[in-house]
Amino acid sequence: MATTPTEAMSLKGREQRPIVASVNETMTMLKIGREKIYQLLNSGELESYREGGARKILWRSIEAYVERRLKQEAERRGRAA
């Protein structure tokens, strides 16, 4: 059974990784800035909730975002993802 790169990463770290990430962790993982993170949150591209004063971003939504971006890039280049 073939897996996508994101699925492979997810399967390897699933037992060790929490189901949520902080804004800073998400910035580090996606290599994007805080402003872009909040744009993605406000547009609904990333799912999150507030826990006290902290924003928690669901890992599954981070992975889904990466998969969507990979698909968009493949389509842009004229290849199927």
What's the separation between atom [atom1] in [X] and atom [atom2] in [Y], rounded to the nearest 0.5 Å?
| X | Y | atom1 | atom2 | result |
| --- | --- | --- | --- | --- |
| Y38 | R55 | OH | CZ | 6.5 Å |
| E67 | I62 | CD | CD1 | 13.0 Å |
| Y65 | L46 | OH | CG | 7.5 Å |
| L70 | E75 | CG | CD | 11.0 Å |

Short question: side chain of R69, backbone of Q72 - any donor-acceptor pair under 3.5 Å?
no

Group every Ile, Leu, Val, Met, Phe, Trp and Tyr by side-chain heavy-atom contacts under 4.5 Å, then state whether L58 and L40 land in the same group.
no

I want to check something: taking the side chain as every heavy atom from C-beta on, are S48 and K56 in contact at a cut-off of under 4.5 Å?
no

Taking every heavy atom of I57 against every heavy atom of S22, the minimum-distance pair comes out as CD1-O, 4.3 Å

Closest heavy-atom pair and its distance - V20, E25
O-OE1, 4.4 Å

Under 3.5 Å donor-acceptor pairs involving side-chain atoms of residues 30-37, not counting sequence neighbours:
residue : atom : partner : partner atom : Å
K31     : NZ   : T28     : O            : 3.2
R34     : NH2  : N24     : OD1          : 2.6

For R60, is the CZ atom crowded, meaning more than 12 foreign heavy atoms sit under 6.0 Å from it?
no

